[in-house]
Undergrad: 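Submitted below is the structure of interest, expressed as structure tokens.
When a ligand or atom number is given, it counts from 1 through the structure's own listing order.
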Amino acid sequence: MNKLIINANVFNGTDNALIENVSILIEDNLIVKIGEIDQSVADQVIDAKGGTVMPGLIDAHVHITLSAPFNVIDTMTREEVAIRSARISEEMLMRGFTTVRDVAGNTLGLKKSIDNGYAKGPRILPSMAAVSQTSGHSDYRQNQAQERIGQHEDSPMMKLGAMKVADGRAEVLKAVREQLFMGASQIKIMAGGGASSTFDPLDTLQFTLDEMKAAVEVATDYGTYVAAHIHTADAMRRAAEAGVMSFEHATIMDDDIAKTIKDKGIWVIPSYFTSSLIAERKIPLPNEETYRKTERVGKAMLKSAELIKKYQIDNIAFGTDCVGETNVHATQLNELAAIEQTFDTITALRMVTSNCGRLFEMSTYQHPYLEGRLGQVVEGAYADLLIIDGNPFEGVASVADTSKQKVIMKDGVIYKNTL
Ligand SMILES: [Zn+2]
């Protein structure tokens, strides 16, 4: 089945100018030609009416299955988590997100259901459980810690497969292999303290260098890479030395680590909007200390943005870290304006499209979607695209306003058409 989009201007995901007045030919699920194309070749013609065709949006840091505050997840059944996750993923797709990388959560069943057409949602690159040391950012046994440690019992959220604890080289090797066995396309570890958790101060270093290297070795042997939750410069130095290639949050940089990040080509996935939401206390956190930690990283993050500019770190990707109820996920598009304000419009547009696509290519053969390119409107790319009523280069507001997202297409299938 061929679809032809006519009268379109194209933002291809990389260039900072529109390709004006072209047609786009889609064969099944791939873009096969962009340019002047005769309408007779098409089974279906979509008139973009001068709107902008751009790649479907990509979020490189989501937690689709963490669909409630963590203490509430501990009380939920697997079915409840699954039903909520299905709704959250469908809403993500209907906000224009056609691909996401999930970085802590048991998303394999959801991913399969979406890929098989049993549920609606974005493509998912799963990390499966985030792995940390005992007392690290994934050790959610803090409720009844004494009893659980004594009985070697995981917390409910750990039993769901969202979080995993491993100590020492042997356990880390095994835990990482288990995630790959279950279908992880990249590995997520916790390499330092967290803002939202009650039990691990931000400045803690988590995982020894050798433990982190063990995770990187296994991921590398599977053709893929390790992404780390990480805040402080000292934690980043250790992770960089271990070979971690994706720094999630990376909020408290100094000049030295910013230079290392640039030199090693490490990816940075900041989340400007979600941390401001927490700082304004619109996302419930367990106690005052967690709010204080979040305020600290919120301020530091803006200074780190200046270092990203100073050292011209261009391996930066869009990630919201939306976690919790649907009302938190509903703010997902607000990150675009936050990036535009921190950097500029083209940076925001590249981060949410081609940059994420490039980041995901580090998964090589573990990448679940290898048939086409992601995050670009080019020949040979997946037909994952939006038709926007407006010109995104005039500001990301036209992309972030769902009423201006006239068409949402994923894998060549139209999920919304209000042209
Ligand atoms: Zn996260």
Side-chain angles (χ1 to χ4, degrees), residues 58-70 73 81 85 88-89 92 97 100-107 122 124-132 136-140 157-158 160-164 179 184-200 202 204 206-207 225-232 235-236 239 244-252 267-279 282-286 290 293-294 297-298 300-301 304 316-325 328-329 331-332 334-335 338-339 351 356 359-360:
I58 307 180
D59 191 332
H61 192 120
V62 301
H63 303 286
I64 297 183
T65 60
L66 304 183
S67 49
F70 293 171
I73 293 178
V81 172
S85 306
I88 287 170
S89 62
M92 269 189 198
F97 286 88
V100 298
R101 186 182 62 156
D102 193 282
V103 283
N106 187 346
T107 51
I124 298 175
L125 282 89
S127 307
M128 302 303 288
V131 182
S132 89
H137 191 52
S138 288
D139 191 349
Y140 274 89
M157 199 164 61
M158 294 161 77
L160 281 171
M163 309 282 185
K164 172 99 186 162
Q179 308 318 308
S185 48
Q186 63 288 317
I187 292 302
K188 170 80 180 294
I189 63 167
M190 305 301 201
S196 62
S197 42
T198 53
F199 46 90
D200 58 336
L202 267 181
T204 53
Q206 299 181 9
F207 277 142
Y225 66 97
V226 172
H229 158 100
I230 203 155
H231 283 290
T232 67
M236 287 189 258
V244 172
M245 284 305 289
S246 181
F247 285 179
E248 312 301 307
H249 322 307
T251 48
I252 313 173
W267 284 82
V268 174
I269 294 85
S271 306
Y272 298 106
F273 183 75
T274 310
S275 49
S276 73
L277 259 190
I278 297 172
K282 288 178 183 153
I283 297 178
L285 289 184
T290 50
K293 290 199 280 187
T294 311
V297 301
M301 193 178 273
S304 296
I316 44 175
F318 181 97
T320 55
D321 203 11
C322 282
V323 55
E325 309 265 353
V328 180
H329 292 274
T331 67
Q332 193 174 21
N334 294 10
E335 179 69 12
I339 296 173
M351 281 174 73
C356 282
L359 162 66
F360 299 167

Undergrad: Given side-chain contact (heavy atoms from CB on, under 4.5 Å), test K293 with V297 step by step and report yes or no.
TA: CA-CA 6 Å; K293 290 199 280 187; V297 301; 5.9 Å; no
Undergrad: With under 30° as parallel and over 60° as perpendicular, where do the rings of H249 and H231 fit, or are they tilted in between?
TA: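 Parallel.
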Undergrad: Taking backbone and side chain together, does D321 place any N/O/S atom at a distance below 2.8 Å from the Zn ion (ligand 1)?
TA: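 An N, O or S atom of D321 is closer than 2.8 Å to the Zn ion (ligand 1), so yes.
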Undergrad: With a cut-off of 2.8 Å, does any N, O or S atom of H229 fall short of it relative to the Zn ion (ligand 1)?
TA: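 It does not: H229 brings no N, O or S atom closer than 2.8 Å to the Zn ion (ligand 1).
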Undergrad: Might you point out which heavy atoms bring V131 and F207 nearest each other, and give the distance in Å?
TA: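 For V131 and F207, the tightest heavy-atom pair comes out as O-CE1, 3.5 Å.
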Undergrad: For the Zn ion (ligand 1), find the closest N/O/S atom on H63 and give its atom name.
TA: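 The closest N, O or S atom of H63 to the Zn ion (ligand 1) is NE2.
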Undergrad: Within 2.8 Å of the Zn ion (ligand 1), is there any N, O or S atom belonging to H61?
TA: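 Under 2.8 Å: H61 contacts the Zn ion (ligand 1) through an N, O or S atom.
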Undergrad: Just checking, any donor-acceptor pair under 3.5 angstrom between side chains of D59 and T320?
TA: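 There is such a pair between these side chains.
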